[in-house]
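We number each residue from 1, following the sequence as shown.
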Amino acid sequence: MVNLINSRIGNIKTDWFLPMVHFDLDKYYIKPEFYGQLHHVATVMKSHPELKIVAVGHTDVRQASDYNKVLAFKRADAAINYLVSKYGIPKDRFVLQFGGEELPMVGNLPDNHNIPKQQELDQYINRRVEFRVATGNDVSMERPVGPD
């Protein structure tokens, strides 16, 4: 069994990765400094036309959960739309998902949301869209109900 697993792992192409992009507070537009990361996603997708990619939007915790879910959806949607319009990748090769504030990469804010500059920079990491290769179980999530 171990040899079978090792032989399959040995056939996996590991000369690429899928980056993430980050967003300003309460924003979902693609910042020019992340065009390179999205170009990389497009390059991987064009060189592997059999792949579907999941784009998962996230936020920090500074707004209500319903608002954050809509914002996370809009972030993933903006990233997908950029790749579709700029690189001509068919939209059906993407799976849009969102986690809102539920999966932070960096710790939560204090209750009063008054934070020092370094902690604010840390929260920037939470405001992101992550990309990964889709599995057969991945399905797109509908736009959540909530305020814009």
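- Counted by atom type alone, Ser65 and Asn68 present zero donor-acceptor pairs between their side chains at under 3.5 Å.
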Compile the donor-acceptor pairs under 3.5 Å between side chains in residues 140-147 and protein atoms, sequence neighbours left out, one pair per line.
from	atom 1	to	atom 2	distance (Å)
Ser140	OG	Leu96	N	3.0
Arg143	NH2	Asp148	OD1	2.4

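- The heavy-atom pair separating Val133 from Leu51 by the smallest distance is CG1-CD2, 3.7 Å.
- Its side chain within the 4.5 Å cluster rule, Val56 clusters with Val54, Val95 among the Ile, Leu, Val, Met, Phe, Trp and Tyr residues.
- Both Ile89 and Tyr82 sit in one connected hydrophobic cluster of ILVMFWY residues. Membership requires side-chain heavy atoms under 4.5 Å apart, directly or through other members.
- Qualifying side-chain contact (heavy atoms from CB on, under 4.5 Å) partners for Ser85, counting only residues two or more places apart in sequence or in other chains: none.
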Please lay out, stage by stage, how Phe23 and Val21 fare under the test side chain to side chain contact (heavy atoms under 4.5 Å, CB included). CA-CA 7 Å; Phe23 297 83; Val21 296; 3.8 Å; yes
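- The hydrophobic cluster containing Tyr87 also contains Val44, counting ILVMFWY residues as joined when their side-chain heavy atoms lie under 4.5 angstrom apart, directly or transitively.
- Here salt bridge (charged side-chain N to carboxylate O under 4.0 Å, His left out) pairs that include residues 41-54, with residues two or more places apart or in two chains, number zero.
- When the side-chain contact (heavy atoms from CB on, under 4.5 Å) test is applied to Val139, no partner is found at least two apart in sequence or on another chain.
- The stretch residues 81-99 participates, sequence neighbours left out, in these salt bridge (charged side-chain N to carboxylate O under 4.0 Å, His left out) pairs: Asp77-Lys91.
- Residues forming a ring-ring contact (aromatic ring centres under 6.0 Å, His included) with Phe34 (at least two apart in sequence, or on another chain): His22.
- At least one side-chain heavy atom of Arg132 sits under 4.5 Å from a side-chain heavy atom of Asp138.
- The line from CG of Leu38 to OG1 of Thr43 is 10.5 Å long, rounded to the nearest 0.5 Å.
- With His58 as the fixed residue, the side-chain contact (heavy atoms from CB on, under 4.5 Å) test singles out one of Leu103, Asn126, Ile125: Leu103.
- Judged as a side-chain contact (heavy atoms from CB on, under 4.5 Å), and not counting sequence neighbours, the contacts of Ala55 are Ala76, Ile80, Val129, Phe131.
- Under the side chain to side chain donor-acceptor pair (under 3.5 Å) criterion, Asp24 pairs with Tyr29, Lys31, sequence neighbours left out.
- Under a 3.5 Å cut-off, the side chain of Asn81 and the backbone N or O of Ala78 do not form any donor-acceptor pair.
- Salt-bridge formation is not detected for the pair Arg62/Glu101: no Lys NZ or Arg NE/NH1/NH2 atom is positioned less than 4.0 Å from an Asp or Glu carboxylate oxygen.
- Listed by chain and number, the residues in a side chain to side chain donor-acceptor pair (under 3.5 Å) with Arg128 are Glu130 (sequence neighbours excluded).
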Evaluate the side chain to side chain contact (heavy atoms under 4.5 Å, CB included) criterion for residues Met45 and Val41: first the C-alpha distance (whole Å), next the side-chain angles of each, then the deciding distance (0.1 Å), finally the verdict. CA-CA 6 Å; Met45 292 184 78; Val41 172; 4.0 Å; yes
Working for side chain to side chain contact (heavy atoms under 4.5 Å, CB included), residues Arg127 and Arg75: CA-CA 9 Å; Arg127 300 187 301 263; Arg75 287 175 175 168; 3.4 Å; yes
Check the pair Thr59 / Tyr67 against side chain to side chain contact (heavy atoms under 4.5 Å, CB included), numbers first and verdict last. CA-CA 10 Å; Thr59 68; Tyr67 174 89; over 6 Å; no
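- The number of heavy atoms from other shown groups lying within 6.0 Å of CZ (Phe73) is above 12.
- Under the side-chain contact (heavy atoms from CB on, under 4.5 Å) criterion, Pro32 pairs with Tyr35, not counting sequence neighbours.
- Linking Ile, Leu, Val, Met, Phe, Trp and Tyr residues whenever their side-chain heavy atoms come within less than 4.5 Å leaves Leu25 and Met20 in two separate clusters.
- Evaluation of the salt bridge (charged side-chain N to carboxylate O under 4.0 Å, His left out) rule for Asp26 yields no partner, not counting sequence neighbours.
- Using a 4.5 Å cut-off between side-chain heavy atoms of Ile, Leu, Val, Met, Phe, Trp and Tyr, with links allowed through other members, Tyr28 and Phe94 fall into different hydrophobic clusters.
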